[in-house]
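Inspection log for the structure reproduced underneath, given as structure tokens.
We count residues from 1, following the sequence as given. Just the heavy atoms: all of them, side chains too, but no hydrogens, waters or symmetry mates, feed the values below.
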Amino acid sequence: PAHGTIKWINTLRCQGESIITQALPPQESAIVLGMLLGKREGIDPDQYNDFQKTGIVHLFSVSGLHVGFILLLTGCLTSSLGLSRRGRLYLSIFTLLFYGTMIAWPVSVQRAALMSSLGFLAYYSGRKNSLLNALAISGLVILLINPDSLFTVSFQLTMVATWGLVVIFPALRKYCSRLGWA
């Protein structure tokens, strides 16, 4: 059984799920819970197949996209509150830790949270942010915590997809712009 902070976070998650299921019809609440927490239990199988066919099923796999949205909201909040650089750093990292714990730390969220935290540390300390180094460090930390992650599809996909975004996408964009392709 969970104790202390974990128990508190689990209680908050359950309360949030309850509020969503009470406020929305079953089908819509299942979709919202799927998008926020990665829960797929209440989603109609036919509708889930439709999501797969249209390519938006990724919204139900909590990943770096979700972490990005969380950080965007946190950034807006910290800016609105006028927090200091240190306050923004601490609140952003706390939010990452809270959200990751709430959704049980899937590998893609571990990677995204580690990379984001390293990026924040670099930014707020006035240092250059290297996405490739952050990716390598996050992969190493994940493997140090759980070496078996190396053999999971989720680890492999999050690392390769992020590597593609960090390395291949900028190269392709540069190449296409030289050809005059917008």
Side-chain angles (χ1 to χ4, degrees), residues 1-81 90-117 119-120 135 138-139 141-143 145-166 169:
H3 298 287
T5 305
I6 304 294
K7 184 176 181 179
W8 175 72
I9 292 172
N10 287 339
T11 301
L12 285 177
R13 184 189 63 244
C14 289
Q15 289 173 344
E17 288 178 26
S18 177
I19 290 168
I20 290 169
T21 56
Q22 289 173 9
L24 297 172
Q27 189 173 347
E28 286 80 1
S29 66
I31 290 171
V32 169
L33 290 174
M35 291 186 334
L36 291 176
L37 305 174
K39 296 184 74 152
R40 298 181 186 141
E41 292 84 34
I43 300 173
D44 177 56
D46 292 332
Q47 192 173 32
Y48 191 79
N49 285 336
D50 291 341
F51 291 134
Q52 286 178 317
K53 290 175 188 173
T54 59
I56 60 172
V57 74
H58 179 71
L59 292 175
F60 302 113
S61 299
V62 180
S63 64
L65 176 69
H66 293 75
V67 170
F69 286 138
I70 295 292
L71 290 176
L72 182 65
L73 287 170
T74 304
C76 291
L77 176 67
T78 58
S79 293
S80 300
L81 295 174
Y90 290 155
L91 186 58
S92 296
I93 291 176
F94 171 79
T95 303
L96 288 172
L97 292 171
F98 178 83
Y99 184 66
T101 302
M102 190 169 57
I103 59 169
W105 290 106
V107 173
S108 58
V109 171
Q110 291 175 40
R111 187 227 14 101
L114 285 164
M115 287 185 71
S116 299
S117 296
F120 283 132
L135 177 62
S138 67
V141 169
I142 291 167
L143 292 175
I145 293 169
N146 182 7
D148 290 336
S149 295
L150 180 62
F151 304 106
T152 64
V153 172
S154 58
F155 176 81
Q156 295 165 6
L157 283 176
T158 195
M159 297 305 286
V160 170
T162 306
W163 177 81
L165 289 170
V166 170
F169 178 72

Begin from the C-alpha positions of Leu12 and Phe98 and carry the test side-chain contact (heavy atoms from CB on, under 4.5 Å) through to its verdict.
CA-CA 11 Å; Leu12 285 177; Phe98 178 83; 3.8 Å; yes

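- Listed by chain and residue number, nothing satisfies the salt bridge (charged side-chain N to carboxylate O under 4.0 Å, His left out) test with Glu28 (two or more places apart in sequence, or in another chain).
- Going from atom OG of Ser117 over to atom CG of Leu96 covers 5.0 Å, rounded to the nearest 0.5 Å.
- Closest of all the heavy-atom pairs between Trp105 and Ala113 is CZ3-CB, 3.8 Å.
- In this structure, the separation between CD1 on Ile70 and CD1 on Ile103 is 8.5 Å, given to the nearest 0.5 Å.
- Residues Phe51 and Gln47 meet the side-chain proximity criterion, which asks for heavy atoms closer than 4.5 Å.
- Surrounding CZ of Phe69 are at most 12 heavy atoms belonging to other residues, nucleotides or ligands under 6.0 Å away.
- Side-chain contact between Leu135 and Arg111 is present, with at least one heavy-atom pair separated by less than 4.5 Å.
- The distance from atom OG of Ser138 to atom CG of Leu143, rounded to the nearest 0.5 Å, is 9.5 Å.
- Atom CD1 of Ile43 is separated from atom CE of Met35 by 9.5 Å, given to the nearest 0.5 angstrom.
- Heavy atoms only, all atoms of each residue included: Ala112 and Gly64 are closest at CB-CA, 3.6 Å.
- Two residues are said to be in side-chain contact when any heavy atoms from C-beta on lie closer than 4.5 Å; Tyr99 and Ile9 fail this criterion.
- Across all non-hydrogen atoms, the minimal contact from Leu37 to Met102 is CD2-CE, 4.1 Å.
- A pairwise comparison of heavy atoms in Leu91 and Thr95 identifies O-OG1, 2.7 Å as the closest pair.
- Two residues are said to be in side-chain contact when any heavy atoms from C-beta on lie closer than 4.5 Å; Leu33 and Glu17 meet this criterion.
- Nearest heavy-atom pair across His58 and Leu65 is CD2-CD2, 4.2 Å.
- Qualifying side-chain contact (heavy atoms from CB on, under 4.5 Å) partners for Gln22, counting only residues two or more places apart in sequence or in other chains: Ser18.
- For Arg40, the side-chain contact (heavy atoms from CB on, under 4.5 Å) test picks out Tyr48, Phe60, Ser61, with sequence neighbours left out.
- Looking at Ile20 and Leu36, their side chains come closer than 4.5 Å, going by heavy atoms from C-beta outward.
- Considering SG of Cys76 and CG of Leu71, their distance stands at 11.0 Å, rounded to 0.5 Å.
- In this structure, OG in Ser154 is found 8.5 Å from CD in Gln110, a value given to the nearest 0.5 Å.
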